[in-house]
Amino acid sequence: MMSNEDIRQDLLKLRDIVSAHKAPDAPLAVGTAVIDGIELPVFTKVPNSLGEFYAIALEGANLPFLVYEQERYSFHESLEMARRMARVLLESYRLARGDRVAICARNCPEWCLAYMAITMAGGIVVPMNSWWRSQELEFGLSDSGSRLVFADLPRYQAIAPQLPRLEVDAILIKPCQDDPSSLPDFYTLLETVDPLSEEEIAELQIGPEHNASIMYTSGSTGEPKGVLSTHRAILSALYTWKFVKEVNEILRPELLEPNPEYQPALLANVPLFHVTGSHAQFLQCFLYHRKFVMMYKWDAETALDLIERERISILHGVPTMTWEVMQSKKFASTDLSSLRGIQSGGAPRPPEHLSQMLNVFPQKAQPGLGYGLTETNGLGAIIGGKFYIAKSDSTGRPTPPLTELKIVDDIGNILETGEAGEICIKGPSLMRGYWNNPEATAEVLKDGWFHTGDIGYLDTLGFLTITGRAKDIVIRGGENIACTEVEYALAEHAAVSEAAVYGIPDERLGEVPCATVMLKVGVSVSEAEIQAFLQDRIAAFKVPTRIHLQYDQLPRIATGKIAKMQLRQQTIDSL
């Protein structure tokens, strides 16, 4: 294991590599630009829009790109279909720059093609959480002001009754033969149109500061907030990850991903509506011409089959997924020799998981961990290889060359090394703000810094360690759950007087939501009945695993707020 002095020496080498890699004559040169009144470092030689970015596909035109069960599309085929759908949006649906178009579907090639087409045509893509129930989906469509939605059949059936009132058109993804609707379907719309040419895309004049996406995230408040990001913000994240990969490979050649025997390939094992799925997985594949192998839903045994059959080089997802793969009975008999990286984000990885990974995965499958948020388009800090092995409790250093990070106290003062406070992030990958929510935006965006609500500290070498959260959320297997939202749903039950929702540790998922509920006098109801009540109102992953029922008022702290830490500890002690 590396000593602190070894790490310090490598960091000095890394500093020089970073300096050369961002020089004016380098492919990933860095300059400055004023964005919404703030001067920030930016890449100066990258595409100006996602529409330009997708053209990278043609460099690996005939290589497999989108793989889903029996479906396989090359980079060329995928780009052609996306350009056809972009023409459909512009000519048949009269899409104008800035119009919102939602995608509401499980992982599938059409999800990716729709994302490309919407952003290519100048629309704002709105990836919807496919686990949401009908009320949640209705909120997302209404809040975003989407005028069109790409939906698979289950999601369409959930929202169909509301579409006329919302004045939202729909395009059906993967129609079934027994589908009773008369909706236009994805591939029928492509049959009679030509793809947009590069000249036509250029004529749309989509630039770096035009809005590109609204991704919904659960913070500490009751309803999800729409994170509005520009083309530059998304591209800054994509090329930052490329920059980090290249400088690390210069420092440590053993980190090189390519296997000369196989095309690089990534297992798409998280939902595409997450920033991890859409950015770090799907969009990143363009830069390396990786094969993007999609799973309909997560299953460890299926994942192992795909790793062996498709020669997966990158296993990427929340830490729970790596843990489940290692626990599978099929793990020892699966050929994992193609793996070059085992990366994760969305939640902390327990150090004991890392120790097990190092013992059972191939030596060339380097571990990595990233920290970022939807509001930062996935950027924050990153760590990998020997740095990660030496500092398994850290989430890394600020991602170079564009991202800054600081730790502040409750009134915004910058804290000294080793002092824990709120983590703040600055850079061109930050969101423009929360959609139609200037008050919430002002609470977290201050002088160009995003206040994450996460608590952590920086050590003497600049490595970040996260110690907790200031916001009232539970992170279940990478999914953010706003405690307030679940509490609001509980309050709708006729038997509930008050409720508190909190997270407790879970070996597989990191943490799971639990609740303590005060019932009204004289009313009797079971835990199972309340859970069934919630199933119709909120996504299944938000439903508390345990609900403790009582007739006494919930305990309070001095301010009068419910003592959630006390309730949480009582629940943990009772297990």
Side-chain angles (χ1 to χ4, degrees), residues 27-29 31 33 35 42-66 73-101 103 109-126 147-148 150 169 171 184 186-214 229-239 242 278-279 282-290 292 428 432:
L28 291 175
I35 303 172
V42 297
F43 292 115
T44 58
K45 298 181 180 180
V46 304
N48 286 311
S49 69
L50 288 166
E52 291 183 22
F53 173 77
Y54 302 137
I56 295 172
L58 297 177
E59 297 173 12
N62 296 321
L63 291 173
F65 176 31
L66 302 179
Y73 301 105
S74 69
F75 278 96
H76 172 73
E77 290 170 328
S78 302
L79 185 61
E80 286 287 290
M81 285 190 288
R83 287 179 171 178
R84 287 177 187 272
M85 183 53 70
R87 185 178 296 282
V88 170
L89 295 177
L90 290 168
E91 296 181 358
S92 298
Y93 290 90
R94 301 300 177 191
L95 183 76
R97 183 190 297 163
D99 283 348
R100 277 78 65 204
V101 180
I103 307 175
E110 295 83 2
W111 196 106
C112 301
L113 299 173
Y115 186 105
M116 293 168 65
I118 296 162
T119 51
M120 187 187 301
I124 300 176
V125 63
V126 185
R147 49 169 295 199
L148 175 67
F150 288 86
D169 292 325
I171 295 174
F186 193 94
Y187 291 103
T188 299
L189 289 171
L190 301 185
E191 289 176 355
T192 59
V193 297
D194 294 323
L196 284 182
S197 66
E198 292 190 18
E199 292 76 15
E200 288 174 304
I201 294 171
E203 288 172 1
L204 295 172
Q205 297 183 325
I206 309 301
E209 307 313 325
H210 285 128
N211 296 323
S213 75
I214 297 172
S229 291
T230 63
H231 287 259
R232 188 196 296 276
I234 296 170
L235 290 166
S236 293
L238 301 180
Y239 281 94
K242 178 178 173 64
S278 63
H279 294 19
F282 163 49
L283 294 176
Q284 272 279 287
C285 285
F286 283 91
L287 287 171
Y288 309 111
H289 297 109
R290 285 177 182 152
F292 188 58
R432 175 156 276 168

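Since this is a predicted model, take the numbers as computed values, not measurements.
With respect to E200 and R87, a salt bridge is recorded, a charged nitrogen being found less than 4.0 Å from a carboxylate O.
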Return a table of donor-acceptor pairs under 3.5 angstrom between the side chains of residues 53-62 and protein atoms on other chains or two or more places apart.
{"unit_1": "Y54", "atom_1": "OH", "unit_2": "T119", "atom_2": "OG1", "d": "2.7"}

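For A121 against L95, the heavy-atom pair with the smallest separation is CB-CD2, 3.7 Å. Closest non-hydrogen pair, M120 versus A82, comes out as CE-CB, 4.1 Å. Scanning both residues, A86 and A117, for their nearest heavy atoms gives N-CB, 3.6 Å. In plain terms, the two heavy atoms of V46 and F43 that are nearest each other are CG1-CB, 3.5 Å.
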Query raised in the report: Could you walk me through whether Y93 and I171 pass the side chain to side chain contact (heavy atoms under 4.5 Å, CB included) check?
Result: CA-CA 11 Å; Y93 290 90; I171 295 174; 3.5 Å; yes
Requested in this report: Show the numbers, then the answer: is there a side chain to side chain contact (heavy atoms under 4.5 Å, CB included) between F150 and I118?
Outcome: CA-CA 10 Å; F150 288 86; I118 296 162; 4.0 Å; yes
Report task. Determine, step by step, whether I234 and H279 satisfy the side chain to side chain contact (heavy atoms under 4.5 Å, CB included) criterion, reporting the C-alpha distance in whole Å, the side-chain angles of both residues, the deciding distance to 0.1 Å, and the verdict. Result -> CA-CA 8 Å; I234 296 170; H279 294 19; 3.7 Å; yes
Query - side chain to side chain contact (heavy atoms under 4.5 Å, CB included) evaluation trace for I103 with V126 - result: CA-CA 6 Å; I103 307 175; V126 185; over 6 Å; no
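Note: R147 CZ to R94 CZ = 10.0 Å, rounded to the nearest 0.5 Å. In this structure, CZ in R84 is found 12.5 Å from CG in L189, a value given to the nearest 0.5 Å. With rounding to the nearest 0.5 angstrom, the CG atom of L113 is 8.0 Å from the CE atom of M85. Here the CG atom belonging to L90 is positioned 9.5 Å from the CD1 atom belonging to I201, to the nearest 0.5 angstrom. Put simply, OG on S213 and CG on L50 are 8.5 Å apart, with the number rounded to the nearest 0.5 Å. For the atom pair S92 OG and L148 CG, the distance stands at 11.0 Å (nearest 0.5 Å).
When the side-chain hydrogen bond (donor to acceptor under 3.5 Å, both in side chains) test is applied to H231, no partner is found at least two apart in sequence or on another chain. Considering only residues two or more places apart in sequence or on other chains, E199 meets the side-chain hydrogen bond (donor to acceptor under 3.5 Å, both in side chains) condition with S197. Every residue two or more places apart in sequence or in another chain that forms a side-chain hydrogen bond (donor to acceptor under 3.5 Å, both in side chains) with R232 is listed here: E209. Applying the ring pair (Phe, Tyr, Trp, His ring centres under 6.0 Å) rule to H289 yields the partners F75; only residues at least two apart in sequence or on another chain are considered. Contacts of R432 classified as side-chain hydrogen bond (donor to acceptor under 3.5 Å, both in side chains), with partners at least two apart in sequence or in another chain: D36, N211.
Annotation: side chain of V42 is in contact with side chain of I35 (closest heavy-atom distance under 4.5 Å). Contact annotation: the side chain of E198 approaches that of R83 to within less than 4.5 Å [non-hydrogen atoms, C-beta and beyond]. You'll find the side chain of Y239 stays beyond 4.5 Å of the side chain of P27, heavy atoms only.
Aromatic ring centres of F65 and F286 lie closer together than 6.0 Å.
Formation of a donor-acceptor pair under 3.5 Å by the E91 side chain with backbone atoms of V88 is not found in this model. Judged by distance alone, the side chain of R100 and the main-chain N or O of G98 form a donor-acceptor pair under 3.5 Å. R290 places no side-chain N or O within 3.5 Å of a backbone atom of F282 that could act as its donor or acceptor partner. Side-chain atoms of R97 come within 3.5 Å of backbone N or O of L204 as a donor-acceptor pair. A donor-acceptor pair under 3.5 Å is absent between the side-chain atoms of E80 and the main chain of H76, judged by distance alone.
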